[in-house]
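Structure first, commentary second.
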Amino acid sequence: MPKGWPVEGRSAAESAATEAYEEAGVVGEVDSVPLDVYHYAKERKDGSFVRCRVDLFGLRVRELLTPWQEQRKRRRGWFSVTAAADTVDDCDLSRVIRGVAADPETLTGREVAFA
């Protein structure tokens, strides 16, 4: 699941699209309204943790790049919603994904990339 810090001068949705581009080589149209939100503990370089909020945005995928910017650091994979929920190692993120599976209308007209 691409995630990163907001980019100054860009909306949260535009920042999410940038992360999908950099981390997974995914290009498309991002929804302006988040699908959902979850929190996780991000470890800093000094070993401390900071609680981070992640807004999840749908992305209509138009193109997959080969190669892409972070290809050597990351793997890209496509999953059903249920398989994605089983694959992630964060229980809050899994809960959000399972919520999408339970209410497929959440994705009406959307394609969601999990990378």
Side-chain angles (χ1 to χ4, degrees):
M1 181 71 64
K3 60 184 175 285
W5 300 108
V7 178
E8 187 174 336
R10 292 189 179 171
S11 70
E14 291 168 332
S15 294
T18 299
E19 289 300 320
Y21 169 78
E22 292 174 356
E23 293 185 13
V26 175
V27 178
E29 299 167 23
V30 66
D31 290 329
S32 61
V33 178
L35 288 168
D36 208 330
V37 173
Y38 80 100
H39 296 85
Y40 78 104
K42 180 176 180 74
E43 186 173 7
R44 296 179 176 198
K45 291 179 183 177
D46 66 4
S48 66
F49 289 86
V50 61
R51 182 175 159 92
C52 292
R53 171 191 164 120
V54 179
D55 293 334
L56 297 170
F57 293 89
L59 182 74
R60 287 173 201 83
V61 177
R62 300 288 180 226
E63 183 179 1
L64 294 176
L65 302 178
T66 307
W68 70 91
Q69 187 173 342
E70 296 186 17
Q71 176 177 341
R72 292 179 189 243
K73 293 193 282 184
R74 308 197 186 271
R75 293 186 344 232
R76 176 173 62 199
W78 295 94
F79 303 88
S80 69
V81 177
T82 303
D86 291 341
T87 301
V88 299
D89 60 1
D90 184 288
C91 61
D92 284 341
L93 177 55
S94 180
R95 174 194 51 79
V96 169
I97 295 169
R98 288 185 198 292
V100 170
D103 183 12
E105 291 197 16
T106 303
L107 298 178
T108 300
R110 303 181 192 211
E111 292 181 43
V112 180
F114 299 101

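The residues of the chain are indexed from 1 along the displayed sequence. Bear in mind the structure is a predicted one, so any value in this text is a computation, not a measurement.
- Here the side chain of Glu23 pairs no donor or acceptor atom with the backbone of Ala20 at under 3.5 angstrom.
- For Asp46, the CG atom sits in a packed shell: over 12 heavy atoms of surrounding residues, nucleotides or ligands are nearer than 6.0 Å.
- Taking CZ of Arg51 as the start and NE2 of His39 as the end, the distance is 4.5 Å to the nearest 0.5 Å.
- Between Tyr40 and Leu93, every side-chain heavy-atom pair lies at or beyond the 4.5 Å cut-off.
- Salt bridge annotation for Glu29-Arg62: present, with a cationic side-chain nitrogen under 4.0 angstrom from a carboxylate oxygen.
- Between Glu70 atom CD and Glu22 atom CD the span is 6.0 Å, to the nearest 0.5 Å.
- The line from CZ of Arg10 to OG1 of Thr18 is 3.5 Å long, rounded to the nearest 0.5 Å.
- The distance from atom CZ of Arg74 to atom CZ of Arg76, rounded to the nearest 0.5 Å, is 13.0 Å.
- Separation of atoms CG (Asp92) and CG (Asp36) is listed at 10.0 Å; rounding is to 0.5 Å.
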Go through it in stages, so that I can follow the logic: the residues are Ser15 and Trp5, the test is side-chain contact (heavy atoms from CB on, under 4.5 Å), and I'd like the CA-CA distance, side-chain angles, deciding distance and then a yes or no. CA-CA 8 Å; Ser15 294; Trp5 300 108; over 6 Å; no

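- Here Asp31 pairs with Arg60 in a salt bridge; the nearest charged N to carboxylate O distance falls below 4.0 Å.
- Val27 and Val30 fall into different hydrophobic clusters, where Ile, Leu, Val, Met, Phe, Trp and Tyr residues are linked whenever their side-chain heavy atoms come under 4.5 Å apart, directly or through other members.
- Using a distance-only test at 3.5 Å, with no hydrogens or angles considered, a donor-acceptor pair links the side chain of Thr87 to the main chain of Ala83.
- Rounded to the nearest 0.5 angstrom, Ile97 CD1 and Phe79 CZ are separated by 9.5 Å.
- Between Asp86 and Arg98 there is a salt bridge, since a side-chain N of the basic residue sits under 4.0 Å from a carboxylate O of the acidic one.
- Leu56 and Val7 fall into different hydrophobic clusters, defined by Ile, Leu, Val, Met, Phe, Trp and Tyr side-chain heavy atoms under 4.5 Å apart, directly or through other members.
- Hydrophobic clustering keeps Trp68 apart from Val61 (ILVMFWY residues linked when any side-chain heavy atoms are closer than 4.5 Å, directly or through intermediates).
- Atom OH of Tyr21 has 12 or fewer neighbouring heavy atoms from other residues, nucleotides or ligands inside a 6.0 Å radius.
- With a 6.0 Å cutoff to the six-membered ring centre and a 45° limit on the axis angle, Lys3 does not count as a cation-pi contact of Tyr38.
- Side-chain contact between Leu64 and Val26 is present, with heavy atoms from C-beta onward closer than 4.5 Å.
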